[in-house]
Amino acid sequence: MRHHAHYDIAVVGAGYVGMPHARTFAEAGKKVVLIDLLQDVVDRINRGESHISDVPSEVLKPLVDDGRITATTDFGAVADADAVVIAVPTPLSPQREPDVSYIQRAARDIAPHLREGHLVVLESTTYPGTTRDVLRPLLEEGSGLKAGDGFHLAYAPERVDPGRTDYTTKTTPKVVGGIDEASTEAAAELYSAAVDEVVRVSSPEAAELTKLLENIFRSVNIALVNELARLCGRMQIDVWEVIDAAATKPFGFMSFKPGPGLGGHCIPIDPFYLTWKAREYDFTTEFIELAGKVNQSMPYYCRSLISQALNHGAGKSLAGSKVLIVGVSYKPDIGDMRESPALKIIELIRNAGADVSYHDPHVPELREQRLRSVELDPAAYDAVVIVTDHTSIDYDKLVEEANVVVDFRNATRRPRSEKVWKL
Ligand SMILES: NC(=O)c1ccc[n+]([C@@H]2O[C@H](COP(=O)([O-])OP(=O)(O)OC[C@H]3O[C@@H](n4cnc5c(N)ncnc54)[C@H](O)[C@@H]3O)[C@@H](O)[C@H]2O)c1
C-alpha cells in the first residue's frame, strides 16, 4: 500500500528549473515532492546529492533530511499534494518545430491523480496557447474534471538563470496568468508563499508570451552586437571599447556582449516557438529569424578568425596546428554544455585539420568529442582560443605564455595585436 504523505507542492521535472524551485519552496517552510522519470535522479536527490549546481548538495541535504524535499518517480504523489508545478523540457524537434511531448506526457501522468480544487501550473517555456489548448484537454480527459470548475490552471514562466547569484527564484518577480480569475489568484497565492513579488497578467497566453519576449529580446540584441563586432573587425575598431563606452549612458541603453554564438537551453531555442506559432496567423517573425541567422553564423566567423590569427600571428595554417580551447561550457563559471558554441567551433576547426585540445575547470570530459580537459599549458599550442571566460583563469599569465591568443570574450582586456586577436 502507498504511504500517504502530505505535500504542499509537487514539482514535475527535477532539472535546472525544478530543483531551484523545490529549494525555494522548501526554504519557505513548504513540503515539496519532486517527480521525475529518471530513477537515478530521484535516488540521488533522496540521498541529498544534487545534480544541479545552483542547488549545491550542502543546501539540498538538510532539506531532504528534514523531510522538506522528497523525490519519486510515482505520479501518485500528485494526489498527496495541494498544487502541481510542471517544469519539464520543451526542446525543438530536428525540424526546429516545438516539441511539447514532454508536457503532454506529464499531463497524461498527472491527470488520473487530480482532485477537485487542485492547482496545476505550467512553467516550461512554450508558445502562447499551450496551457489552454495542449495541457488543459489532457488534464480534463484524464481526470474527468473541468479546468476552472474542477481544478485551477495557470501558466507561470520560470526566469532562472543558471549560475546567477544576485537574483534567485525568491527575489525574481514571478508572472502568473490563469485560465480564469480564480486560477490566477490560486497561482498567485502559491508563489506568494515563497517568492517576494508576484505579477498577475490577464491570461496564460499573456504569461506565455511574456517569457518568449524576454528571451527574444536577448537573442535580437545579441545578434545586433554580433553583427557590429563583424563590422568592427573590418573597420579595425574595438567593439568592446565601443560597447563599454555606450554603456556609460545612464538611460536608454543596455549593454549586450558579442560572442562565439548562442548557448544554453533557452535563447537559441525558445524564440522559434513563437516563429512556429506565428505561421498559423500568416505572420513571419522577421527579427527572430534574422537574429537566429546572425547568431548561428558566429561559430563560422570565429573559425575564420582563428585561421587568420594563425596565418598572421604564427605563419601557420589551421590544418596541422595545435589549438587549445579554453572554456567550453556555454557560459562562465558553470559546467553546462547544452548548445554550447564551443562544440560547433571544435567541430569546425577539427574538420579544417586542427589538432584540438581543451581546458575547462568545470567540464572534465567531452565524451562525444572524445576529449578530456587538459592542463592549462598555453606555450604548448600554436594558438589558444578563449571561448568561455571562466573567472578562475589567469588571463595575463595565459597571454604571456601563449604563442597566439584568440579571445572571443574580451577576457584578456587588451587591444588587438599580432599576438592577441579579438572578436
Ligand atoms: N534551464 C534554464 O535556465 C531555464 C530557464 C527558464 C525556463 N526554462 C524552461 O523550463 C523548462 C525545463 O527546463 P530545465 O532546464 O529545467 O530542463 P532539464 O532538462 O534540466 O530538466 C527536466 C527534468 O524533467 C524530467 N522529465 C522530463 N519529462 C518528464 C515527465 N514527463 N515527467 C516527469 N519528469 C520529466 C527530466 O528527466 C529532467 O530531470 C523548459 O521549458 C525550459 O525552457 C529553463
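Note that ligands are numbered from 1 as they come in the structure, with each ligand's atoms numbered from 1 the same way. Note that these values count all heavy atoms, side chains included, but never hydrogens, waters or copies made by symmetry.
- A pairwise comparison of heavy atoms in T388 and S329 identifies OG1-O, 2.6 Å as the closest pair.
- For the ligand labelled ligand 1, residue V41 lies outside the 4.0 Å heavy-atom shell.
- Looking only at distances, a side-chain donor or acceptor of D54 sits under 3.5 Å from a matching main-chain atom of G163.
- Considering all non-hydrogen atoms of both residues, A87 and G18 come closest at CB-N, 4.1 Å.
- By the criterion of a heavy-atom distance under 4.0 Å, the backbone of A87, and not its side chain, is placed next to ligand 1.
- A distance-only check finds a donor-acceptor pair linking the side chain of R350 to the backbone of Q369 [under 3.5 Å].
- Checked against a 3.5 angstrom limit, the closest N/O atoms of K211 and ligand 1 fall outside it.
- Judged purely by atom type and a 3.5 angstrom limit, K422 uses its side chain to pair as donor or acceptor with the backbone of R414.
- Partner of W276 under the ring-ring contact (aromatic ring centres under 6.0 Å, His included) criterion, out of F283, Y281, Y127: Y127 alone.
- Considering D161, L34, T90 only, the shortest heavy-atom separation from atom 40 (C) of ligand 1 involves T90.
- Remark: among candidates P157, P89, P162, the nearest residue to atom 27 (C) of ligand 1 is P89, based on non-hydrogen atoms.
- Proximity of R108 to ligand 1, defined as any heavy-atom pair under 4.0 Å, is not found for any part of the residue.
- An N or O contact shorter than 3.5 Å links T125 to ligand 1 by distance.
- Residue contacts with ligand 1: L38 is placed with no nitrogen or oxygen under 3.5 Å of a nitrogen or oxygen of the ligand (distance criterion only).
- Considering backbone and side-chain atoms together, D36 places an N or O closer than 3.5 Å to an N or O of ligand 1.
- Of all atoms in ligand 1, numbered sequentially from 1 with element shown, those under 4.0 Å from a heavy atom of G13 are 23 (C), 24 (O), 25 (C), 34 (N).
- Nearest heavy atoms, Y167 versus T171: CA-OG1, 3.5 Å.
- Distances below 4.0 Å separate heavy atoms of I35 from the following atoms of ligand 1: 33 (C), 34 (N).
- Atom CD of E49 has more than 12 neighbouring heavy atoms from other residues, nucleotides or ligands inside a 6.0 Å radius.
- When heavy-atom distances to ligand 1 are checked against a 4.0 Å cut-off, F75 comes that close only through its side chain, counted from C-beta outward.
- When each of V100, V88, L37 is tested with R105 by the rule side chain to side chain contact (heavy atoms under 4.5 Å, CB included), just one qualifies, namely L37.
- Annotation for P91 and Y273: closest pair O-OH, 2.6 Å, computed over non-hydrogen atoms.
- Looking from atom 44 (C) of ligand 1 to the surrounding protein, the closest heavy atom is V17 CG2, 3.3 Å.
- From the protein, the heavy atom lying nearest to atom 4 (C) of ligand 1 is C266 SG, 3.5 Å.
- In terms of heavy atoms, T168 sits closest to T165 at CG2-O, 4.5 Å.
- Taking atom 12 (C) of ligand 1 as the reference point, the nearest protein heavy-atom neighbour is V88 O, 3.4 Å.
- Shown in contact with G15 at under 4.0 Å from a heavy atom are these atoms of ligand 1, numbered in order with element: 16 (O), 18 (P), 20 (O), 21 (O), 23 (C).
- Rounding to the nearest 0.5 angstrom, the gap separating the OH atom in Y16 from the CD1 atom in I334 is 6.5 Å.
- If you check which protein heavy atom lies closest to atom 17 (O) of ligand 1, you get R338 NH1, 4.1 Å.
- Contact analysis leaves M19 out of contact with ligand 1, as no non-hydrogen atom separation drops below 4.0 angstrom.
- Using a 3.5 Å distance cut-off with no hydrogens or angles, the side chains of Y300 and K344 do pair a donor with an acceptor.
- Close contacts between ligand 1 and V12 involve ligand atoms 32 (N), 33 (C) [criterion: under 4.0 Å to a heavy atom].
- Checked by distance only, ligand 1 and Y16 come closer than 3.5 Å through their nitrogen or oxygen atoms.
- The ligand atoms of ligand 1 that sit less than 4.0 angstrom from a heavy atom of Y102 are 27 (C), 28 (N), 31 (N).
- Each of the following atoms of ligand 1 lies closer than 4.0 Å to a heavy atom of A106: 31 (N).
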